[in-house]
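Notes for the one structure printed next.
Reminder, nothing fancy here: chain letters follow the sequence lines and each chain counts from 1.
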Protein chains: 2
Amino acid sequence: MSIGQYRAFVVAAETGSFTAAAIDLGITQPSVSELVRRLESEYQVQLFVRGPRRLTLTAAGEELLPHAQQIVAGAEAAERTLSDIQSLEGGVATFGLLRNGDYYLLSSLIERFHAEYPNVRVRLVGLNSVEVAAAVSTGELEAGLVVLPIDDEDLVVTPLFRDEVFYASADPARLQKPKTIAEFCAAPLVLYDAHYGWRDPTRRQLAARAQLEGLRVEARIEVEHIEAALGLVSRGAGDTIVCRAIAESSTMPEGVGVVPFEEPLYDTIAMIRGRSAGLSPATRELMRFARDMIPGPLPQG
Amino acid sequence: MSIGQYRAFVVAAETGSFTAAAIDLGITQPSVSELVRRLESEYQVQLFVRGPRRLTLTAAGEELLPHAQQIVAGAEAAERTLSDIQSLEGGVATFGLLRNGDYYLLSSLIERFHAEYPNVRVRLVGLNSVEVAAAVSTGELEAGLVVLPIDDEDLVVTPLFRDEVFYASADPARLQKPKTIAEFCAAPLVLYDAHYGWRDPTRRQLAARAQLEGLRVEARIEVEHIEAALGLVSRGAGDTIVCRAIAESSTMPEGVGVVPFEEPLYDTIAMIRGRSAGLSPATRELMRFARDMIPGPLPQG
DNA sequence: ACGTGGCATAGGGTTCTCCTGTGTCAATCG
DNA sequence: CGATTGACACAGGAGAACCCTATGCCACGT
């Protein structure tokens with residue numbers, strides 16, 4: 001019941017000769033002979049009739065052939081998949097991506113990578129930074145891009161650049177001058193990433209600042225998606241925070257303006273990977289691309 | 001690259017634990033551990049993350065899983081097929097059948113066999129006796145029913161019963177009294193089984209008789225199917241030969257009558273099987289059914 | 001602090017795989 | 001008609017794979 005046995009059987013059936021099959025498989029004729037014989041004796045079934053001049057499948061062999069072919073095809077596909085992962089000639093590079101990754105340069109990164117290695121598919125798993133970090137930490141993902149800070153000890157963290165975070169409102173009166181943390185805590189807030197709550201890195205920075213002054217940040221409304229939050233803000237339901245990349249994108253509704261914090265607040269985007277696990281070539285290469293695309297060392301955004 | 005490795009991988013991925021997989025597979029945990037490790041080292045790819053408390057698939061493992069499942073499914077199907085052939089609990093009994101087998105008791109034979117062994121499918125390959133004999137001789141088929149005589153030395157031949165062969169015509173004037181071979185040779189004949197020609201057993205008997213008297217049998221028209229021949233006969237294109245089973249069946253056109261030969265001619269139906277090859281239980285059982293259904297030893301009808 | 005669950009490692013026995021070399025048999029060719 | 005060729009079986013031996021038992025390690029829960 002080994003794959004070699006089924007492969008020998010299939011090739012022998014297709015070529016009509018043990019000798020030809022042996023050449024095809026790169027082994028010797030006695031080996032093919034024995035593989036098939038073992039398959040036959042294992043189940044007490046004759047699969048071939050050994051004519052003196054040619055080989056014929058029995059009815060039992062005819063029944064077995066399609067299943068054997070399925071096994072062999074599966075084995076070839078599996079083998080190809082495993083080799084491709086090592087070869088940059090196929091397969092998939094899987095990469096975790098912070099949820100707002102779309103707003104940065106990532107689409108062009110993928111474009112360039114795909115131009116360089118057209119046979120490698122790219123799978124970007126877009127989650128919150130918290131979840132990306134957890135997935136990389138457990139090994140489900142090899143690497144990813146996240147917003148700092150993150151807690152995990154077992155990750156290699158490479159900061160890439162930072163993006164300033166602004167206070168956003170539809171009321172111009174509240175955008176007159178840079179926001180203090182006290183003003184922020186008093187504001188009617190519409191926050192997003194409800195599922196992750198205060199584990200979200202940007203929120204954690206704000207919570208830490210508030211704590212230093214004995215304050216607490218509390219959201220009036222929490223929604224899941226930033227687009228929903230901005231919609232509410234534009235209709236005057238409250239204020240929120242956005243990073244520059246989003247503020248300058250087309251997602252930003254008309255009539256919503258931004259103002260910086262008094263003490264400037266930054267999202268730091270970093271690449272993370274597991275500390276111990278080896279990286280596949282495709283992932284390694286994708287990480288190199290990501291590093292190379294960053295304009296400089298931690299520019300201000 | 002063995003099936004055991006893929007099976008261990010699949011079960012471990014599904015159960016989330018090497019230990020559980022080992023119990024599932026009926027082997028020990030170190031064995032599972034080694035099988036997976038070998039699979040990983042074979043291709044230098046990590047498939048699982050061994051968490052202290054839990055096993056997690058890597059991205060590479062996720063890619064491999066469907067292919068591995070295909071291999072395992074194919075192996076299970078193959079194994080079941082091979083066991084079924086030995087067990088009378090499934091699988092297929094393949095049987096060669098003379099072309100006119102339908103006109104005998106065969107349909108009821110199949111019915112009874114199927115009632116006894118509902119899980120065994122029956123595949124009747126209906127060919128001319130010549131071809132059935134050749135297929136059984138080479139081993140492509142395990143057994144079959146044919147009309148004698150056949151040449152092959154390597155066959156075990158068990159005569160079952162015989163069926164008289166008549167001369168058939170649409171012209172009552174030619175059916176007055178039993179036909180002599182000389183009259184037969186002179187008649188305008190419409191014969192069937194064109195493809196096999198004079199290798200057909202019934203034809204061979206007639207040719208042998210003619211040869212004894214220095215005559216030759218020649219067909220005016222040859223067609224492939226007996227139904228076509230009878231159609232021509234009913235329209236007066238010539239005469240032909242039919243066995244009793246056909247003469248009494250609904251296939252026989254109105255207006256076509258039969259008369260025996262002066263020296264009675266019989267088709268002897270026999271069961272044949274290969275001399276050396278072992279028979280599968282299903283085929284052996286089907287042969288027993290066939291023997292049991294014969295009323296007596298070589299009855300005349 | 002101790003027991004438990006789960007994976008890794010070590011060492012050994014049995015079987016499988018693959019090789020080389022040789023025998024047999026039938027079909028083909030000079 | 002004898003020699004050659006082609007294809008499969010058989011024998012014996014080296015190496016690897018598979019599976020086992022026994023044991024160690026580590027994190028978790030009581």
Does [N] have its OP1 or OP2 closer than 4.0 Å to a side-chain nitrogen or oxygen of [X]?
X: B/S2; N: D/dC18; result: yes
X: B/S17; N: C/dG6; result: no
X: B/R50; N: C/dG6; result: no
X: A/R37; N: D/dC10; result: yes
X: A/S31; N: C/dT17; result: no
X: B/T28; N: D/dC19; result: no

What integer distance in Å separates [X]:[atom1] from [N]:[atom2]?
X: B/E42; N: D/dA17; atom1: CD; atom2: C1'; answer: 11 Å
X: B/Q29; N: D/dA22; atom1: CD; atom2: P; answer: 14 Å
X: A/E34; N: D/dG13; atom1: CD; atom2: P; answer: 15 Å
X: B/R38; N: D/dG15; atom1: CZ; atom2: C1'; answer: 12 Å
X: B/I23; N: C/dG6; atom1: CD1; atom2: C1'; answer: 11 Å
X: B/I3; N: D/dC18; atom1: CD1; atom2: C1'; answer: 14 Å
X: A/L25; N: C/dT17; atom1: CG; atom2: P; answer: 13 Å
X: B/I27; N: D/dT21; atom1: CD1; atom2: P; answer: 12 Å

Under a 4.5 Å cut-off applied to non-hydrogen side-chain atoms, are B/E79 and A/Y43 in contact? yes
Beyond-backbone contact of B/M271 with B/M287, side-chain heavy atoms, under 4.5 angstrom: yes
Measure from the side chain of A/L35, starting at C-beta and using heavy atoms only, and say which of C/dG21, C/dA8, C/dC18 lies closest. C/dC18
If you check the B/F18 side chain, which of D/dC19, D/dC8, C/dC7 turns out closest? C/dC7
Step by step, would you call A/V157 with A/L148 a side chain to side chain contact (heavy atoms under 4.5 Å, CB included)? CA-CA 9 Å; A/V157 179; A/L148 298 184; 3.7 Å; yes
Return each pair, listed once, that meets ring pair (Phe, Tyr, Trp, His ring centres under 6.0 Å) where at least one residue sits in residues 14-40 of chain A; pairs must be two or more places apart or across chains. A/F18-A/F48
Are side-chain N/O atoms of B/T283 and B/E142 paired as donor and acceptor at under 3.5 Å? yes
How many angstroms lie between atom CG of A/D267 and atom CD of A/Q205, to the nearest 0.5 angstrom? 6.5 Å
Pair B/T81-A/H67, side chain to side chain contact (heavy atoms under 4.5 Å, CB included): steps then yes or no: CA-CA 9 Å; B/T81 298; A/H67 298 126; 3.0 Å; yes
Test of understanding: with side chain to side chain donor-acceptor pair (under 3.5 Å), list the residues that count as partners of B/R204, not counting sequence neighbours. B/D151
Can you sort out which residues in residues 68-77 of chain A have a heavy atom within less than 4.0 Å of DNA chain D? Ascending by number, please. none
Looking at every strand, decide which applies to B/T19 at a 4.0 Å heavy-atom threshold: base, sugar-phosphate, or nothing. sugar-phosphate
For A/Q5 and A/P30, find the nucleotide of DNA chain C closest to each by heavy atoms; which residue's nucleotide sits nearer the 5' end? A/Q5
